[in-house]
Amino acid sequence: MKKSYILSPSLIRTTGACTMLFLILLLSACSKKRNHTIQSPDDIRGAVIGVQLGTTGDVEASKFEGDKAGTLIERYTKTADAIQALTQGKIDCVIDDEQPSLAFVSQNNNIKILPQKFHKENFAFCFAKDNEELRNKVNYAIDKLRKNGIIDSIENLHIHKNITRAYQKKNIKRNNGTLVIATNATYKPYEYYDNGNIVGIDIDIMQAICDILGMNMDIEDMNFDAVITSVQTGKADIGASGITVTPDRKKNILFSHPYTSCNLVVTVRQGVIKTQHTSLVQKFKDNFITEHRYRYLLEGLGNTLIITVFAILISLVLGTLIAIVRTAHDSNGNYLLLNLLCKFYLTIIRGTPTMVQLLIIYYVVFAAADISKVFVAIVAFGLNSSAYLAEVVRSGISSIDKGQMEAGRSLGLSYAQTMRLVILPQAFKNVLPAIGNELITLLKETSISGYIGLVDLTKGSDIIRSITYDAIMPLTFVALIYLTIVMGLSAGVSHLEKKLNKHER
């Protein structure tokens, strides 16, 4: 007689974890460090070049992409990530603006800036195509600030004196509304975080412009590639993020007069790749204690939990209604039109990425509405999750013997009463593990909320990384926070499942 073996869930998880660890070690052992020598910008052909997506560095580097030398472009959402890849030997160089590159070099002794300049560019603020009136007002203010020497003073104090606030907001009446500024606060000294506030050259200049125009200023931090989109869709009035005027961009947006110029430079490794040894205590202090940087994680955690809780409530209610409609149609042919609408909804939601849905809801559906980003995220994730929960609940309803419905109807209960009092309680108990799994998935999917400028848990770690240029500590803590929440949710679902199963004994 052959022996039968039962694999416990814990054994399966342990085996899976060991397999993943083995693959990581194998990939690490097989990977090779980049060793393309670059002594001047003329040597970048054939190299792997790191750039921030959508910047002028990306545009200029793209001219070499796919050439005979085999030049490759690695595009990152943040220059800090490209610098991290450079220090680890994954790419050969990074092309970026000079001042942010100097800030990166000051934090890392293993990289240097080539003395030869790669390209020169002008920075300007951007506006929607139909907002020429505001563009003209800002141009008037820029010309006045340039004539008075204020812009030059702001630049000198930031660049040469390392002053975070080089312009003092004036105490004046502001009766002309509020300017919403879209920026990407990872670009020192132009826009970056300091003591929980977004500061920098662009921010000071915009404050000076608001003083001239008699307006308040509201700053929205988001990914760089979302800045222009926010301006185009009316979510922001002005884009101020070290944006370069290019022919392609001029086709889609308006630009102000240039307010400063900047050189593009090439950053490379110098010498052998070395690992800088800093104590865990010092890293913890730099990432979380200094300037109370833990607040970014706390804010992000709060938003993540709020979005998850309310989104799951929406998905439970909407998903259950969809499941009931589809089940009723399958059993007796009722609700033909509603069933078609539900099937169309499920096809669209399950057939498109969550991030695309989030962007469409924010930039298209709520384009003209001044509405909370947390609310937008709740709606987006709730609608997305409901499509999956609908099928989970429908499978639970289908698992209940048809005699249960017949018994309920024979006792004088209506179809709705039988479904609510008899079928659904049993169905939810059967699919409780699947519902718990969807809740966990929803929690982790909220990490893309940063694409609409919302500070969630992952975005909080991104802010810290943009300040400290350290990836390991913030990401590790975020992973641990997610893991802790998931373990708590799993334990709660398991406890509830055991409690419900007691009644069957």
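Index from 1, following the sequence.
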Exercise. Where does the angle between the aromatic ring planes of Y190 and Y187 fall among parallel (under 30°), tilted (30 to 60°) and perpendicular (over 60°)?
Worked result: tilted
Does the side chain of [X] come under 3.5 Å of the side chain of [Y] through a donor N or O and an acceptor N or O?
| X | Y | result |
| --- | --- | --- |
| T446 | D456 | no |
| N287 | D470 | yes |
| N334 | N332 | yes |
| D462 | S466 | no |
| T186 | N184 | yes |
| Y363 | S230 | yes |

Could you check whether [X] pairs with [Y] (Lys NZ or Arg NE/NH1/NH2 to Asp/Glu carboxylate O, under 4.0 Å)?
| X | Y | result |
| --- | --- | --- |
| E497 | K429 | no |
| E133 | K137 | yes |
| K235 | E220 | no |
| R75 | E65 | yes |
| K283 | D286 | no |

Problem set entry | Test salt bridge (charged side-chain N to carboxylate O under 4.0 Å, His left out) applied to D81 - qualifying residues, sequence neighbours left out | K78, R465
Strictly distance-based, threshold 3.5 Å: is any side-chain N or O of [X] a donor or acceptor partner for the main-chain N or O of [Y]?
| X | Y | answer |
| --- | --- | --- |
| D67 | G70 | yes |
| D237 | V180 | yes |
| T304 | L457 | yes |
| Q107 | F104 | no |
| N303 | V455 | yes |

For this session: Please confirm whether Y296 and Y193 have ring centers closer than 6.0 angstrom.
Result: yes
Exercise. Centroid-to-centroid, F477 to F288, below 6.0 Å?
Worked result: yes
For this session: Could I get the full list of ring-ring contact (aromatic ring centres under 6.0 Å, His included) partners for F127, not counting sequence neighbours?
Result: none
For this session: Might you confirm whether atom CG of L280 has over 12 heavy atoms from other residues, nucleotides or ligands at distances under 6.0 Å?
Result: no
